[in-house]
Structures are given as structure tokens and as C-alpha cells.
Amino acid sequence: MPAEPLPADQVTVPADPGPFGFVPSRTALLLIDMQRDFVEPGGFGESLGNDVSLLAAVIPPLRKVLAATRAAGMTVLHTREGHRGDLSDCPPAKLNRGTPTMRIGDLGPKGRILIRGEYGHDIVDELAPLPGEVVIDKPGKGAFYATDLQELLEIVGITSLIVTGVTTEVCVHTTVREANDRGYECLVLADCVGSYFPEFQQAGLAMIAAQGGIFGWVAPSVAYLDALSAVSPAAVGAATGPERS
Ligand code: C5J
């Protein structure tokens with residue numbers, strides 16, 4: 001039987017465990033929880049003793065990916081992990097994590113920890129959403145749990161996700177697993193996801209692509225940018241412009 005012809009605007013990214021094909025108009029870039037509390041010095045993550053530079057390292061390559069994806073006219077979605085001020089959407093199973101003095105809702109260096117509307121809860125300036133880009137506020141680790149993400153993707157006709165953000169082994173992993181179960185094909189950009197634990201970063205990425213890509217594909221951001229530039233010259237300029245380097 002002859003192979004089905006590829007759509008004219010199909011993009012193919014060399015990835016692990018094999019080429020990842022996507023159509024830009026049916027693909028969204030997802031930035032998961034690039035919030036001050038996780039990523040910036042003086043935030044919640046650092047107050048728990050974590051080395052936030054491991055997460056901050058994600059910002060420069062992700063800025064390039066964001067600029068190129070916007071220039072290519074693709075859908076961009078951001079998520080933020082957080083809760084209502086009265087914590088009514090934070091079950092004890094989640095609330096009782098962390099150290100006794102640094103739990104969700106406590107006053108941290110950048111406001112109440114993971115509470116919507118607080119300074120630390122918002123996305124870092126370098127990756128701030130543009131007007132019109134959807135921001136999904138999620139109470140859980142996965143971006144599909146208790147949100148309207150799936151409905152939004154269906155309305156726009158999205159079938160594939162380029163996944164970035166933090167942390168690799170928690171919210172990125174949970175979201176990719178949820179997405180795969182719902183039929184979305186996910187490419188995780190290895191240098192655009194981050195963990196406080198180098199061994200979790202390595203294992204987390206390996207787990208996604210293992211067993212023939214058990215729930216996704218993994219590639220460096222440069223492979224995605226190169227592939228996108230083949231169908232969107234505007235993406236090249238956006239990714240390499242002086243303000244992005
Ligand atoms: C965590 C997240 N690690 N965004 N949240 O608690 O991964």
C-alpha cells in the first residue's frame with residue numbers, strides 16, 4: 001500500500017526515539033509553570049534549599065523557542081500551578097507536603113506560596129504571556145486536571161504539543177502522560193525543561209523516549225528551531241534576533 005502523502009506544511013524534527021512530525025497549525029507550544037516561585041532566586045524553590053540556577057538555565061533557550069513559535073504563528077499556551085487564597089482547591093494530600101514552615105499558602109519571599117494573584121505565582125518577565133495567549137491556572141501537577149485545557153485544544157484543532165517548562169519529573173511528566181492518554185503527540189525539548197535534581201532530569205527525559213517513545217519524543221531545542229525554520233523563515237529571525245541571543 002502506498003504511504004500516505006505528508007501534509008505540505010509537515011515539519012519533521014530529529015528526535016529520540018525517532019523523527020517527530022508535526023503540522024504547525026495543529027501544534028501548540030506549552031510552557032509549564034515558568035513561575036517566579038519555582039525559577040527565581042528568592043522564590044519558594046530556593047527557600048526549600050534548591051539550586052534554582054538549574055531551572056533558570058531553561059529561560060534563554062526557551063525564550064528563543066517562544067519567539068520562533070510566535071513568529072511562526074503557532075498557538076502558545078502557558079500554565080501556572082496555584083490555588084485559591086482560601087486553599088479550598090488544595091487537598092490535604094497536597095497541602096501537607098513541604099517543610100512545616102514552607103507550605104502552600106504560607107508567606108514566602110515573593111508572597112503567599114503558590115497562591116493566585118501573588119507576585120511569586122506569576123510567570124517570569126522573560127517569558128511573560130502576550131495578550132491573547134491563554135494562561136491555564138491549574139491546581140494540580142498535570143495541566144489537564146481540573147482545567148479546560150482539553151476543550152481549548154479541541155476548539156483550536158491542536159493535535160500535537162511542544163512541551164517545555166518545569167519541573168521535568170513533576171509537572172512536565174504528569175502533563176505529558178495526561179496528554180498522551182488523551183491522544184496528543186508530545187515533543188519535549190530537553191534543554192527547555194528543568195529539574196532541581198540533575199539525576200531526575202536525566203531519568204525523566206529517558207523515561208519519556210524509552211520503549212519506542214512510551215509517551216512522547218525528546219529533542220534539543222535547536223533541532224526544533226532548525227525544523228521550524230524550514231517552513232517559517234520568520235521563525236529564524238525571531239530566534240536569532242539580538243534581543244533573543
Ligand atoms: C512542583 C511543578 N514541582 N511545576 N511543581 O511542585 O513541577
Side-chain angles (χ1 to χ4, degrees), residues 29-59 62 66 77-84 87 89-106 108-124 126-129 134-147 149 161-180 186 188-205 207-208 215-216 218:
L29 173 67
L30 187 58
L31 293 91
I32 298 176
D33 301 355
M34 290 301 295
Q35 296 162 253
R36 297 188 180 105
D37 253 338
F38 292 122
V39 172
E40 286 191 350
F44 172 51
E46 190 176 70
S47 71
L48 288 176
N50 294 305
D51 176 3
V52 291
S53 69
L54 293 169
L55 266 55
V58 164
I59 295 175
L62 184 45
L66 179 58
L77 300 135
H78 307 254
T79 72
R80 295 183 298 203
E81 180 177 350
H83 297 275
R84 298 183 183 129
L87 298 175
D89 58 353
C90 186
K94 184 172 182 186
L95 188 59
N96 295 336
R97 304 278 75 80
T99 67
T101 50
M102 275 291 173
R103 288 190 171 157
I104 294 168
D106 289 345
K110 291 178 188 275
R112 289 183 69 204
I113 293 164
L114 294 190
I115 297 298
R116 294 176 188 160
E118 297 287 341
Y119 183 73
H121 171 264
D122 212 354
I123 293 167
V124 296
E126 297 92 324
L127 303 170
V134 170
V135 180
I136 306 268
D137 279 318
K138 61 185 185 64
K141 303 304 182 192
F144 288 86
Y145 170 68
T147 72
L149 176 57
L161 297 172
I162 308 298
V163 182
T164 65
V166 298
T167 62
T168 307
E169 73 280 11
V170 184
C171 290
V172 170
H173 243 248
T174 308
T175 299
V176 171
R177 290 167 189 243
E178 286 180 333
N180 185 68
C186 295
V188 178
L189 300 183
D191 51 332
C192 293
V193 295
S195 170
Y196 299 121
F197 306 94
E199 65 275 27
F200 291 172
Q201 171 80 358
Q202 203 184 5
L205 292 172
M207 287 164 70
I208 292 166
F215 49 88
V218 176

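Whatever order the structure lists ligands and atoms in, that order sets their numbers, starting from 1.
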Query - Qualifying residue, where the test is side chain to side chain contact (heavy atoms under 4.5 Å, CB included) with I32 and the options are V193, V163, T168 - result: V163
Report task. With H121 as reference, evaluate D137, I115, D33, I113 under the side chain to side chain contact (heavy atoms under 4.5 Å, CB included) test and give the passing residue. Result -> D137
Report summary line: Partner of K110 under side-chain hydrogen bond (donor to acceptor under 3.5 Å, both in side chains), picked from Q35, E118, E40, E46, is E40
Sub-3.5 Å pairs, protein N or O with ligand 1 N or O:
residue: ligand 1; atom: 3 (N); partner: T167; partner atom: OG1; Å: 3.4
residue: ligand 1; atom: 4 (N); partner: D33; partner atom: OD2; Å: 2.7
residue: ligand 1; atom: 4 (N); partner: E81; partner atom: OE1; Å: 3.4
residue: ligand 1; atom: 4 (N); partner: V166; partner atom: O; Å: 3.1
residue: ligand 1; atom: 5 (N); partner: E81; partner atom: OE1; Å: 2.8
residue: ligand 1; atom: 6 (O); partner: K141; partner atom: NZ; Å: 2.9
residue: ligand 1; atom: 7 (O); partner: T167; partner atom: N; Å: 2.9
residue: ligand 1; atom: 7 (O); partner: T167; partner atom: OG1; Å: 3.1
residue: ligand 1; atom: 7 (O); partner: C171; partner atom: N; Å: 3.2

Query raised in the report: Roughly how far, to the nearest 0.5 Å, is CG of L30 from OG1 of T164?
Result: 6.5 Å
Query raised in the report: Would D122 and R80 count as a salt bridge (charged side-chain N to carboxylate O under 4.0 Å, His left out) if you check the C-alpha gap in whole Å, the side-chain angles of each, and the deciding distance to 0.1 Å?
Result: CA-CA 7 Å; D122 212 354; R80 295 183 298 203; 2.9 Å; yes
Requested in this report: For E81 and K141, run salt bridge (charged side-chain N to carboxylate O under 4.0 Å, His left out): C-alpha distance rounded to whole Å, both residues' side-chain angles, the deciding distance at 0.1 Å, then the answer.
Outcome: CA-CA 7 Å; E81 180 177 350; K141 303 304 182 192; 2.8 Å; yes
